[in-house]
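In what follows, chains are A, B, ... by sequence order, proteins preceding strands, each numbered from 1. As the structure is a prediction and not an experimental result, all values here were calculated from the model.
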Amino acid sequence: MNFTFSEEQNLIRETARGFLEEISPSTAVRQWMESDKGYDDGIWQQLAEDMGWAALAIPEDYDGLGLGYVELAIIMEECGYRLTGSPLFATICQAAQALIHGGTEAQKQAHLPAIAAGQTTATLAFGNGGSFGLDDITLSYREEGDGFMLNGTAGQVIDGASADLIITVARKEGSADESGVRLFVLPRETTGLSATTLKTMDQTRRLTRLEFANVTVGSDTSLEGGWDCFLKTCRIASIMLAAEQLGVSRWCLDAAVTYAMDRMQFGRAIGSFQAIKHKCADMMVRVESGISGLYYAACVIDADTDELAEASPIAKATLCSDAMKNAAECLQIHGGIGITWEADVHLYFKRARAGESQLGAPAWHREQMALAMDL
Amino acid sequence: MNFTFSEEQNLIRETARGFLEEISPSTAVRQWMESDKGYDDGIWQQLAEDMGWAALAIPEDYDGLGLGYVELAIIMEECGYRLTGSPLFATICQAAQALIHGGTEAQKQAHLPAIAAGQTTATLAFGNGGSFGLDDITLSYREEGDGFMLNGTAGQVIDGASADLIITVARKEGSADESGVRLFVLPRETTGLSATTLKTMDQTRRLTRLEFANVTVGSDTSLEGGWDCFLKTCRIASIMLAAEQLGVSRWCLDAAVTYAMDRMQFGRAIGSFQAIKHKCADMMVRVESGISGLYYAACVIDADTDELAEASPIAKATLCSDAMKNAAECLQIHGGIGITWEADVHLYFKRARAGESQLGAPAWHREQMALAMDL
Amino acid sequence: MDLNFSPEENAFRAEIRSWLAEHLNGEFAHIRGLGGTGEQLEGFEERIKWEQFLGQSGWAAIGWPKAFGGRGASLMEQVIFAEEYARAGAPGRLTHIGLELAAPTIMAFGSDEQKARFLPKIRDAEELWCQGFSEPGAGSDLSNIRTKARREGDEWVIEGQKIWTSHAQHSDWCFLLCRTEEGSRNHKGLSFLLVPMDQPGIDVRPIKQLTGDAEFNEVFFDGARTKADLVVGGEGNGWKVAMATLTFERGVSTLAQQANFRNELDEIIALAKANDTAKDPIIRQRLAEAEMGLRVQRYNALRTLTNAESGTFSREGYIAKIFWASWHRELGKLAMDIMGPEAELISQDHDYKMKRLQNLFLFSRSDTIYAGTNQVQRNIIAERALMMPKEPRGA
Amino acid sequence: MDLNFSPEENAFRAEIRSWLAEHLNGEFAHIRGLGGTGEQLEGFEERIKWEQFLGQSGWAAIGWPKAFGGRGASLMEQVIFAEEYARAGAPGRLTHIGLELAAPTIMAFGSDEQKARFLPKIRDAEELWCQGFSEPGAGSDLSNIRTKARREGDEWVIEGQKIWTSHAQHSDWCFLLCRTEEGSRNHKGLSFLLVPMDQPGIDVRPIKQLTGDAEFNEVFFDGARTKADLVVGGEGNGWKVAMATLTFERGVSTLAQQANFRNELDEIIALAKANDTAKDPIIRQRLAEAEMGLRVQRYNALRTLTNAESGTFSREGYIAKIFWASWHRELGKLAMDIMGPEAELISQDHDYKMKRLQNLFLFSRSDTIYAGTNQVQRNIIAERALMMPKEPRGA
């Protein structure tokens, strides 16, 4: 057992940090916020091809780099720190996970190499953007000839309008339990499938409403994995969302300390007041405990054990609610400046808010933990 | 509408404060803690007769002073501030309330004058010392000839071994709703009724387990009021318990500030550190908001309106949980000294703990509030 | 202590309630509910007409002494008015800076000429006011004022910058705290000037906030002028006058604010019932706690008001700001949690516009910052109410 | 990063597990579970025998270098030992002050004679130790030491008072931080002495705590004596040595502590299931949060340990104290809330004796106070990890 980052992992972080500092200043983030897709295609090609981040956690058999989830979490944390807009989360942390853990060999061969190369983007559509219990699945399917017919609406699908592929999670009409859950992989451009981009409080990530009206797909679109694959995908995605939120948390700590040391009030830097120092100390407690909780969870994905059912809600609940607290404290420490559009604090504050409820609010994940504890 | 204490009310407080400072120093409190009854008979006679506190809120028709619940709350707050041991709470804030609001004229005539004179002490026995929902009533009765037979165990009855009279709340055997609730008034010395004094964490108030084994009572022991009388009694008692807890809260604030100004660390009074100042400020916020919530609730009892169903859980939930917070902060500010037996902090800390769960924990009262809000 | 209203107070309540009902169901029905948290400027023109109508009808400034054109209403009548005003869904007041800050200050410290010139137009919503206290870099440290005014003939000439000025773009007048004694420091050498806003020396620039709207402004003074006799309370007494102005900020308006909070909480409760989160035991606890906190605020405000009226000294006034600000911020978070995933979706009909409860969530973040951050409030409580040592100032 | 244990580590775990099972189901079955929070002295004599047996069997000090009579176990082996020890319900260690504080300090700074004289008896539980650092009035300000020692011939003569000394009444030796240079201040002029406890110049008085028990003591030194050569690290270097001692306090023992927390939380979970409060959604949230907090503590400790072993600098070590102390205090409150009204009833068989979870509740209040209050911990984090300005000292 070893809980220290390897030299290679440290190098990946250093490289990511330097690169993102350059390409993802807040001026760039603000441009992406105003764009249709929420990110820049050129930058995405750099991330995917030059940096290799799309390939990072894809198995080598499918032209990926075959690195682990710790490495992926490092990248996601650094992207969160800079609020870098990209299809990484939806494509790699959601859709690719479903394919890796539940796709047929043919589906993997068909899609993973293109995803690893950054040529194909993808996402996951299942419900309303929040928790991922059985009843949260809002789409339904029925068998129709040799294939399936899909109906329903999925709200708040990340990058749902720009993704090339959609992994759809649906319940069999009339089915009451997990056995009726199926996943499908289909092109975004499919007859009967329409996308509406939603206006959201957090502008750094694009959400979409996808409507499925009698969408007919062939039997080869159905993944091998069902409910278990969906659950595993969402648990992994929850950990990666927590990784982004750790980046948010850490930026808020750094920004708060920097501002507090700079800002003078009553003839002193406000960072010399114990009230501010102690707020910052509590923020650091959240960041450091978050690092511990997050990378343990990432290791658990790598170890591929049942502990994922616990590690995932721990990471999601604690890191996402801590990010919200850190963002709130960062804003409070900034005072009046903190509520202006010009200051970057609100970008992180809104991302923290969004991340808190996406894939299930902290209370939901605590209840998942309680279930895992057999309470 | 007027929310200022009258001159008479201020006088009552000043007098109580001066008197209790004299007769209830912590040395006396510690003696009462070691005694069987938890209080001193001589002191009780002074409180009841000389000060007139037993008669304060008893109607004039029954030889009381006919003052209101604001006056009673003032006394209870000041007793809480000094942790003064006395039968006031069980006798006046519990048993007498049941008689006043549900007793027959004959029962009132028989008992209230003696209670007002301090000659009779009394208490309320209904459940296990916690919340007061229908299912919390642990005693049962059945009709038996001209009277009733009582069975069951009531835990944590305040002063249950020393009280002269017991107001017993019981449910009719087999009854499922509120209509089966009856209250009885019976002497402590009744065949089949046995009391066991319990050892408790908070030693400033004596709790008892009362066992009713085929206790036979006459029909004249049954009060007129049933469930409504029980509910009103417990709601009033909850407010008076909150008044005591306000006293606890206020003592903790005063003690913390005094200690913080006295105690030197790193060459400064610890009260000059912002972390300590801000803790004290938060304690004062709890005390002052508590005063506002408490005396509003006391006014509501006086006004005798349905608002009691809201004012009571507000007072109980907020003041009792705030008292616990203030006691915890007071202990924290005292540092190592705070955990010693010699320092008085632990006496208040334990009383705050006990008061938090007695008559229903804050979460239970918040749920009562939610029900009152028609949620 | 007595919670009952007198027959006269009940009659007063009935009168204002029926008057408000008549006009807010009639010609002003379309402006009901406008001007909530973060929506200060909604329906501006129509709301000004409403406020002028209030003035003409004698309901604009009921607490003012009759000598100044008010009704001389008792404190409890003002409380009743504030509660009924909010209950009727009448729109947020655009005139409150004039009515509740400028006017009481002028009444207390102004000359007879100032009173005659300004008070009637404040009451009748003919002139709007803004407050020129805060400066960039000064934050909670109000004594660190750098805006300067010097005498030139019979005028003051003003140079400097103010910030967080609400309504500056619509205001006719500004009351300005500035330094009139060259080289003075801290509380000394300040004066309280009344300055007309419509002049070339003043430049108002909106500050865009995290909601996407701009409710505050920066105001730049570059050779702005006002008459020499428009100093309130005498040259060099600005600190004393400004401190008095800030105390006027509390008081009855607290009740009006709480009545608005009441409306917000009711909206949140209705939402929780509609989307079934009211059945969630954890949400129930939080809603009950919110309700309890709001009630306690009301009781605390009533206590402050009646104690002040009877001249009783007590400490509850110190806690109002931090209590309501923290409560309101928490309410915003609760609203979002009750909305669930929907909380992320803003108005789909605009470029970037919050829904009401989203505005509440975002805007309430400033509550624990402006008019003394929570940290400053805790200092004030510790130092002034609990007499603990003051924080040392830096060099 | 790799969460898997090596085959050697798994073999080590199997070995210690079976050894513990054998002896704790055998001759030492009656001492299982003794010595929990607030029960430090429970079954003292029998537990000493157990610890001597550990020493004889080579399991007392596995992390010590072989040269000093240990096993030279790897960090991960020590982690495994600590976890298995707690999992087996083995009793709390009475020797930990000697094993984990005195011994590492002597190994690092002591003379060869000191090592030979003291280490074997520490390992074999033949001599118990106590720590003489805190003084009345000094609290978290350790540099404010007033206890003095002066040389008389070949002895030190000690005058002064120490407080919060665990095990003083049972200890054979005390390591004492005291002032050996007359007139010195703060960190200077201090020395780290080893003092025998059984002598007329030392008076130990138990401090009764809020639980009714006395686990700490005041220790009065009135002409107490120790040999001149029993100074560790050289005269005047006491501060440096004592700071090193405090750093030894963390480390592997954190894992042992967490294993005990694990047992406590399991007991609370079992209670919640037994009394049905585990069905209460609010209690479920709190239990889940407690479980999450405990796991995070473990991950954080593992990170600290493996980073320390590999010489990586990082900040997670700073947060351990405040995190576990706050967590543990909250756990005590949760235990009481789960007990419900029963929480008020202590043991009915004694005068005034807490049940286990009540002890947890009361005793955990000291966790946020000793070894640096939460306030001091926040200062340390802000000043040392975040490089924010230091609090000014008073005159």
*Asks:* Name the option with the most non-hydrogen atom pairs under 4.5 Å to chain A; the candidates are D/Pro389, D/Ala382, D/Ala385, D/Ala278.
*Replies:*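 Going by pairs under 4.5 Å, I would pick D/Pro389.
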*Asks:* Under 4.5 Å, counting heavy-atom pairs only, tell me which of D/Arg303, D/Glu9, D/Gln285, D/Met292 racks up the most with chain A.
*Replies:*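 The candidate making the most pairs under 4.5 Å is D/Arg303.
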*Asks:* Report which part of D/Gln375 has an atom under 4.5 Å of a heavy atom belonging to chain A: side chain, backbone, both, or neither.
*Replies:*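 Both backbone and side chain of D/Gln375 come within 4.5 Å of chain A.
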*Asks:* Using the rule given for side chain to side chain contact (heavy atoms under 4.5 Å, CB included), can you reason through A/Trp251 versus A/Asp344, listing the C-alpha separation, both sets of side-chain angles and the distance that settles it, and then say yes or no?
*Replies:* CA-CA 10 Å; A/Trp251 184 91; A/Asp344 290 335; 4.0 Å; yes
*Asks:* Under a 4.5 Å cutoff for heavy-atom pairs, which residue among A/Met373, A/Glu367, A/Lys277 has the most contacts with chain D?
*Replies:*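 Highest number of pairs under 4.5 Å: A/Lys277.
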*Asks:* Considering only heavy atoms, give the residues of residues 262-275 of chain D separated from chain A by less than 4.5 Å, sorted numerically, with 'none' for an empty result.
*Replies:*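 D/Ile269, D/Lys273, listed by number.
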*Asks:* Taking 4.0 angstrom as the limit, do D/Asp280 and D/Arg286 come out as a salt bridge?
*Replies:*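 Result for this pair is no, no salt bridge flagged.
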*Asks:* Tell me, for A/Leu294 versus chain D, whether the close heavy atoms (under 4.5 Å) come from the side chain, the backbone, both or neither.
*Replies:*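 For A/Leu294, no heavy atom lies under 4.5 Å from chain D.
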*Asks:* Regarding A/Ser6 and A/Glu8, is there a side-chain donor-to-acceptor distance under 3.5 Å anywhere?
*Replies:*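 Looking only at side-chain atoms, A/Glu8 and A/Ser6 do not form any donor-acceptor pair under 3.5 Å.
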*Asks:* Taking only Lys NZ, Arg NE, NH1 and NH2, and the carboxylate oxygens of Asp or Glu, determine whether A/Glu78 and A/Arg250 approach each other closer than 4.0 Å.
*Replies:*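 Yes.
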*Asks:* Please classify the contact between D/Phe323 and chain A as side chain, backbone, both or neither, with a heavy-atom cut-off of under 4.5 Å.
*Replies:*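 Contact with chain A is through the side chain of D/Phe323 alone.
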*Asks:* Hey, is D/Arg87 close enough to D/Glu84 for a salt bridge, meaning N to O under 4.0 Å?
*Replies:*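 Yes, charged N to carboxylate O under 4.0 Å.
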*Asks:* Determine whether the aromatic ring centres of residues A/Tyr295 and A/Phe5 are separated by less than 6.0 angstrom.
*Replies:*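 Distance test on ring centres: under 6.0 Å, yes.
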*Asks:* Output, in order, the C-alpha distance, side-chain angles, deciding distance and verdict of side chain to side chain contact (heavy atoms under 4.5 Å, CB included) for D/Leu3 and A/Phe3.
*Replies:* CA-CA 7 Å; D/Leu3 294 189; A/Phe3 215 59; 3.8 Å; yes
*Asks:* Is A/Met284 in contact with chain D via its backbone, its side chain, both, or neither, using a 4.5 Å heavy-atom distance?
*Replies:*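 Interface part for A/Met284: both.
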*Asks:* With only heavy atoms counted, which part of A/Glu310 is less than 4.5 Å from chain D, the side chain, the backbone, both or neither?
*Replies:*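 The side chain, not the backbone.
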*Asks:* Any idea which of A/Asn10, A/Asp282, A/Val70, A/Val257 has the most non-hydrogen atom pairs under 4.5 angstrom with chain D?
*Replies:*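 Most pairs with chain D among the choices: A/Asp282.
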*Asks:* Contact part of D/Arg284 toward chain A, heavy-atom cut-off under 4.5 Å: side chain, backbone, both or neither?
*Replies:*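 Interface part for D/Arg284: both.
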*Asks:* By a 4.5 Å heavy-atom criterion (distance strictly below it), what part of D/Met76 contacts chain A: side chain, backbone, both, or neither?
*Replies:*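 For D/Met76, the contact with chain A is made by the side chain alone.
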*Asks:* Looking only at heavy atoms and a cut-off of under 4.5 Å, which of A/Ala372, A/Ser272, A/Gly293 has the most pairs with chain D?
*Replies:*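 Option with the top pair count is A/Ser272.
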*Asks:* Where does D/Ile322 contact chain A at under 4.5 Å (heavy atoms): side chain, backbone, both or neither?
*Replies:*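 Just the side chain, heavy atoms under 4.5 Å.
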*Asks:* Under 4.0 Å between a side-chain nitrogen and a carboxylate oxygen: does that hold for D/Glu291 and D/Arg295?
*Replies:*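 D/Arg295 and D/Glu291: salt-bridged.
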*Asks:* Would you kindly say whether D/Arg329 and D/Thr368 are connected by a side-chain donor-acceptor distance under 3.5 Å?
*Replies:*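 Looking only at side-chain atoms, D/Thr368 and D/Arg329 do form a donor-acceptor pair, the distance falling under 3.5 Å.
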*Asks:* Side chain to side chain contact (heavy atoms under 4.5 Å, CB included) between A/Glu77 and A/Arg13: does it pass, once the steps are laid out?
*Replies:* CA-CA 9 Å; A/Glu77 180 191 341; A/Arg13 186 186 294 278; 3.0 Å; yes
*Asks:* Within the distance-only criterion (no hydrogens, no angle test), does the side chain of D/Gln358 pair as donor or acceptor with the backbone N or O of D/Ala343 below 3.5 angstrom?
*Replies:*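 Pair found, side chain donor or acceptor close to backbone of D/Ala343.
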*Asks:* Using non-hydrogen atoms and a 4.5 Å limit, figure out which bit of D/Glu391 sits close to chain A: side chain, backbone, both or neither.
*Replies:*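 For D/Glu391, backbone and side chain are both near chain A.
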*Asks:* Could you look at D/Asn374 and say if it's the side chain, the backbone, both or neither that has a heavy atom under 4.5 Å from chain A?
*Replies:*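 Answer is neither: D/Asn374 stays 4.5 Å or more from chain A.
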*Asks:* Under 4.5 Å heavy-atom distance to chain D, tell me which part of A/Glu307 shows up: side chain, backbone, both or neither.
*Replies:*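 For A/Glu307, the contact with chain D is made by the side chain alone.
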*Asks:* Among residues at least two apart in sequence or on other chains, which ones pass ring pair (Phe, Tyr, Trp, His ring centres under 6.0 Å) with D/Trp327?
*Replies:*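 Ring pair (Phe, Tyr, Trp, His ring centres under 6.0 Å) list for D/Trp327, sorted by chain: D/Phe261.
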*Asks:* With chain D as the partner, which of A/Ala303, A/Ser289, A/Pro313, A/Gly290 has the greatest number of non-hydrogen pairs under 4.5 Å?
*Replies:*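 That would be A/Ser289.
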*Asks:* Would you check if there is a donor-acceptor pair between the side chains of A/Asp254 and A/Tyr81 at a distance under 3.5 Å?
*Replies:*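 Looking only at side-chain atoms, A/Asp254 and A/Tyr81 do form a donor-acceptor pair, the distance falling under 3.5 Å.
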*Asks:* Taking the ring centre of each residue, are D/Phe81 and D/Trp19 less than 6.0 Å apart?
*Replies:*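 Distance test on ring centres: not under 6.0 Å, no.
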*Asks:* With a 4.5 angstrom heavy-atom cut-off, could you sort out which part of D/Arg298 is near chain A: side chain, backbone, both or neither?
*Replies:*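 Contact with chain A involves the side chain of D/Arg298 alone.
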*Asks:* Measuring heavy-atom distances to chain D, does A/Ala317 have an atom under 4.5 Å in its side chain, in its backbone, in both, or in neither?
*Replies:*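 Side chain only.
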*Asks:* Decide, yes or no, whether a salt bridge links D/Glu77 with D/Arg13 under the criterion of side-chain N to carboxylate O below 4.0 Å.
*Replies:*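 Salt bridge between D/Glu77 and D/Arg13, a charged N being under 4.0 Å from a carboxylate O: no.
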*Asks:* Please classify the contact between D/Lys279 and chain A as side chain, backbone, both or neither, with a heavy-atom cut-off of under 4.5 Å.
*Replies:*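 Contact with chain A: none, neither part.
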*Asks:* Do we see a donor-acceptor contact under 3.5 Å between the side chains of A/Glu288 and D/Asn300?
*Replies:*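 Judged by distance alone, the side chains do not pair up.
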